[in-house]
*Asks:* 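Here you go, one structure.
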Amino acid sequence: MARYATEDAMRLLETKKIKEATAYILYGEDEYLISETMHLLRNSVIDADFGDFNYTRLECSGSTKVAELVNALRELPMLTDKRLLELHFYQNLPESTVKKIEKTFKETLQEGSTVVCLVSHNETKKSKSKLVTWAQDYAQEINCTVSAYNLPRWIELYLKDKGCKFKDSKAAQELQNRVGTNLLDLSSQLDQLALYVGDKKIIDTEDVHLVIRPSNEVKVWEYTKALTQKDYKKAMQACASLLEDNAQRGSLTLIAFTNKYLRDLAQALDITSKYGFNLNSLAQQMSDKKDFQINYLLKDLRNWKEANLRDAFHSLCQADLRLKTGGDPLLTMQLLTLRIVGRR
């Protein structure tokens, strides 16, 4: 049985076509992309007139019964030739359970009337479950991770369905700068922009500024970027923006994300000290990161020394303690930021 090439979910949503297969393996971090791809798949596999009889979705866990899985796999299509079985979070199934359904699972794939879809959530790579191994030769793999290359096209098509478009690339880029790459967040903000401009139909940079406030994700990214560049002014601008709604919660959020960023830098520093500044080595050792994240880490790492990271972690711990014992959030963050950007 020939293998299928891995498909990009964003491209599938643009073409609105999905290849026919006996099984599908979906993985990725963007829940909106997974949801929209599943909607496309259901429309492709299930006869709309008999959908209620030929669709089963199971949320798998450590307590999922073998009998429930076997019955779902053995169920036959009604009044049509295909039915769809979705196994979400299948990687949570214990090995003992997977072993007990092996024979039925393989028979279902070989028979072909029940299309099996294995769906993992919040994972950048497909699971190593034996279910994936058994389905591999029958399955179309679909990567539901947002692609920076395809994102502008997705935004363009989404707005086209609303009868709108951006005035220029600057306005579109400002949207991404403020919202980030989460498609659910982007779709919500695009809906607001389309409603705001109304009959004008054209969205410019000023509209984006008026309607959309930068997301916390973007504010944190701007803060850590400014720390790396030793830019105190920009760091405090991002910090003040994050603290304006709730200073205590905002400062603790900023410390948590800064800690994660510094840990990523420390891990990357350790890897590069062993293998050099090599993208492939980092990608293998930091498999939870996307390529563009690894590229950013490599670039940022040139602005940090091991001693800088040690001092930054020490300052971070002091700031965290000060905040949790009644310290002023803004003053605490000002001192923390000054210490980190003032590194030598």
Side-chain angles (χ1 to χ4, degrees), residues 29 122-125 145 148 177 180-182 214-243 246-344:
E29 294 179 301
N122 299 314
E123 294 196 5
T124 56
K125 296 182 179 180
T145 300
N177 291 343
T181 59
N182 182 287
S215 68
N216 287 349
E217 175 190 349
V218 172
K219 293 173 187 175
V220 169
W221 180 80
E222 289 175 346
Y223 179 76
T224 55
K225 180 181 178 182
L227 290 183
T228 289
Q229 296 174 345
K230 301 182 180 180
D231 191 326
Y232 178 78
K233 183 178 179 180
K234 285 186 177 179
M236 285 313 302
Q237 285 175 344
C239 178
S241 178
L242 195 62
L243 268 57
N246 186 315
Q248 180 72 10
R249 184 173 61 196
S251 57
L252 288 172
T253 297
L254 204 50
I255 282 182
F257 277 97
T258 303
N259 179 56
K260 182 179 184 304
Y261 172 68
L262 293 175
R263 283 193 289 108
D264 287 342
L265 283 174
Q267 184 182 359
L269 181 64
D270 180 60
I271 295 169
T272 54
S273 67
K274 297 175 181 175
Y275 305 103
F277 279 76
N278 185 290
L279 180 63
N280 290 333
S281 296
L282 272 177
Q284 290 174 4
Q285 300 293 324
M286 304 179 77
S287 58
D288 60 321
K289 302 295 180 200
K290 300 173 187 175
D291 286 348
F292 79 88
Q293 292 174 313
I294 291 174
N295 277 318
Y296 276 126
L297 280 174
L298 276 175
K299 183 179 178 182
D300 290 356
L301 201 55
R302 299 181 187 278
N303 295 296
W304 294 83
K305 300 174 183 176
E306 184 177 351
N308 297 152
L309 290 172
R310 276 201 307 269
D311 292 343
F313 278 121
H314 180 68
S315 297
L316 206 61
C317 290
Q318 288 182 322
D320 184 59
L321 179 62
R322 191 173 291 115
L323 285 170
K324 291 175 179 175
T325 53
D328 178 79
L330 182 57
L331 178 59
T332 299
M333 293 309 299
Q334 286 174 334
L335 291 172
L336 171 65
T337 305
L338 190 59
R339 286 172 179 165
I340 295 179
V341 301
R343 66 188 184 276
R344 296 181 183 277

*Asks:* Could you report the tightest heavy-atom contact between L338 and Y232, atom names first, then the distance?
*Replies:* N-CE1, 3.8 Å

*Asks:* Under the side-chain hydrogen bond (donor to acceptor under 3.5 Å, both in side chains) test, which residues partner T258, sequence neighbours left out?
*Replies:*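 Testing T258 for side-chain hydrogen bond (donor to acceptor under 3.5 Å, both in side chains), a comparison that skips the adjacent residues, returns none.
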
*Asks:* Please enumerate all residues that pass side chain to side chain contact (heavy atoms under 4.5 Å, CB included) together with K274, with sequence neighbours excluded.
*Replies:* D270

*Asks:* Can you sort out the partners of F257 under side chain to side chain contact (heavy atoms under 4.5 Å, CB included), two or more places apart, ordered by chain and number?
*Replies:*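 For F257, the residues satisfying side chain to side chain contact (heavy atoms under 4.5 Å, CB included) (neighbours in sequence not counted) are V220, T253.
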
*Asks:* Apply side-chain hydrogen bond (donor to acceptor under 3.5 Å, both in side chains) to T228 and list each qualifying residue two or more places apart in sequence or on a separate chain.
*Replies:*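 If we apply the side-chain hydrogen bond (donor to acceptor under 3.5 Å, both in side chains) test to T228, skipping adjacent residues, the hits are Y261, W304.
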
*Asks:* P329 and side chain to side chain contact (heavy atoms under 4.5 Å, CB included): which partner among I255, L252, L323?
*Replies:* L323

*Asks:* Output every pair passing salt bridge (Lys or Arg N to Asp or Glu O under 4.0 Å) with a member in residues 220-240, not counting sequence neighbours, ordered by first then second residue.
*Replies:*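 As it turns out, there is no salt bridge (Lys or Arg N to Asp or Glu O under 4.0 Å) pair with a partner in residues 220-240 once direct neighbours are skipped.
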
*Asks:* Restricting to non-hydrogen atoms, name the atom on A312 and the atom on L262 that form the minimum distance, rounded to 0.1 Å.
*Replies:*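 The pair with the smallest heavy-atom distance is CB-CD1, 3.8 Å.
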
*Asks:* Using atom types as modelled and distance alone, determine if a side-chain donor or acceptor of N308 lies under 3.5 Å from a backbone N or O of K305.
*Replies:*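 Yes; judged by distance alone, with no hydrogens or angles, the pair exists.
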
*Asks:* Scan residues 311-329 for pairs that pass salt bridge (Lys or Arg N to Asp or Glu O under 4.0 Å), counting only residues two or more places apart or in two chains.
*Replies:* D320-K324

*Asks:* Measuring from T181:OG1 to E29:CD, what's the distance to the nearest 0.5 Å?
*Replies:*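 CD of E29 is found 9.0 Å from OG1 of T181.
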
*Asks:* List the residues meeting side-chain hydrogen bond (donor to acceptor under 3.5 Å, both in side chains) with Q318, not counting sequence neighbours, and say none if there are none.
*Replies:*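 Once residues adjacent in sequence are excluded, the partners of Q318 under the side-chain hydrogen bond (donor to acceptor under 3.5 Å, both in side chains) criterion are H314, R339.
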
*Asks:* Hey, does the side chain of N259 reach the backbone of L316 with a donor-acceptor pair shorter than 3.5 angstrom?
*Replies:*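 The answer is no, because no donor-acceptor pair under 3.5 Å joins these two groups.
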
*Asks:* To the nearest 0.5 Å, what is the distance between CG (L254) and OH (Y223)?
*Replies:*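 Between L254 CG and Y223 OH, I get 5.0 Å after rounding to 0.5 Å.
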
*Asks:* Can you name the residues that form a side chain to side chain contact (heavy atoms under 4.5 Å, CB included) with L269, not counting sequence neighbours?
*Replies:*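 L269 satisfies side chain to side chain contact (heavy atoms under 4.5 Å, CB included) with T272, L301, E306, L309 only.
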
*Asks:* Please find the pair of heavy atoms, one from G250 and one from L243, that lie closest to each other, and give the distance.
*Replies:*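 Closest approach of G250 to L243: C-CD1, 3.8 Å.
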
*Asks:* Just grab all the salt bridge (Lys or Arg N to Asp or Glu O under 4.0 Å) pairs involving residues 252-266, residues at least two apart or on different chains.
*Replies:*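 Output for this query lists K260-D264, D264-K289.
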
*Asks:* What's the shortest heavy-atom distance between M333 and C239, and which atoms?
*Replies:*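 For M333 versus C239, the nearest heavy atoms are CB-SG, 3.6 Å.
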
*Asks:* Does Q248 reach the side chain of N246, with side-chain heavy atoms less than 4.5 Å apart?
*Replies:*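 Result yes, sub-4.5 Å side-chain heavy-atom pair found.
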
*Asks:* Would you confirm whether R343, through its side chain, and N303, through its main-chain N or O, come within 3.5 Å as a donor-acceptor pair?
*Replies:*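 Yes: the side chain of R343 pairs with the backbone of N303.
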
*Asks:* Do you know which two heavy atoms are closest between A235 and T337, and how far apart they sit?
*Replies:* CB-CG2, 3.6 Å

*Asks:* With distance as the sole test, does S241 use its side chain to make a donor-acceptor pair with the main-chain N or O of A238 at under 3.5 Å?
*Replies:*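 Not a single qualifying donor-acceptor pair exists.
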
*Asks:* If I take atom CG from residue L265 and atom CG from residue L298, how far apart are they, to the nearest 0.5 angstrom?
*Replies:* 10.5 Å

*Asks:* Mind checking side chain to side chain contact (heavy atoms under 4.5 Å, CB included) for Q267 and listing every partner two or more places apart, or none if nothing turns up?
*Replies:*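 Listed in chain order: I271, M286.
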
*Asks:* With N177, which residues qualify under side-chain hydrogen bond (donor to acceptor under 3.5 Å, both in side chains), at least two apart?
*Replies:* Q173

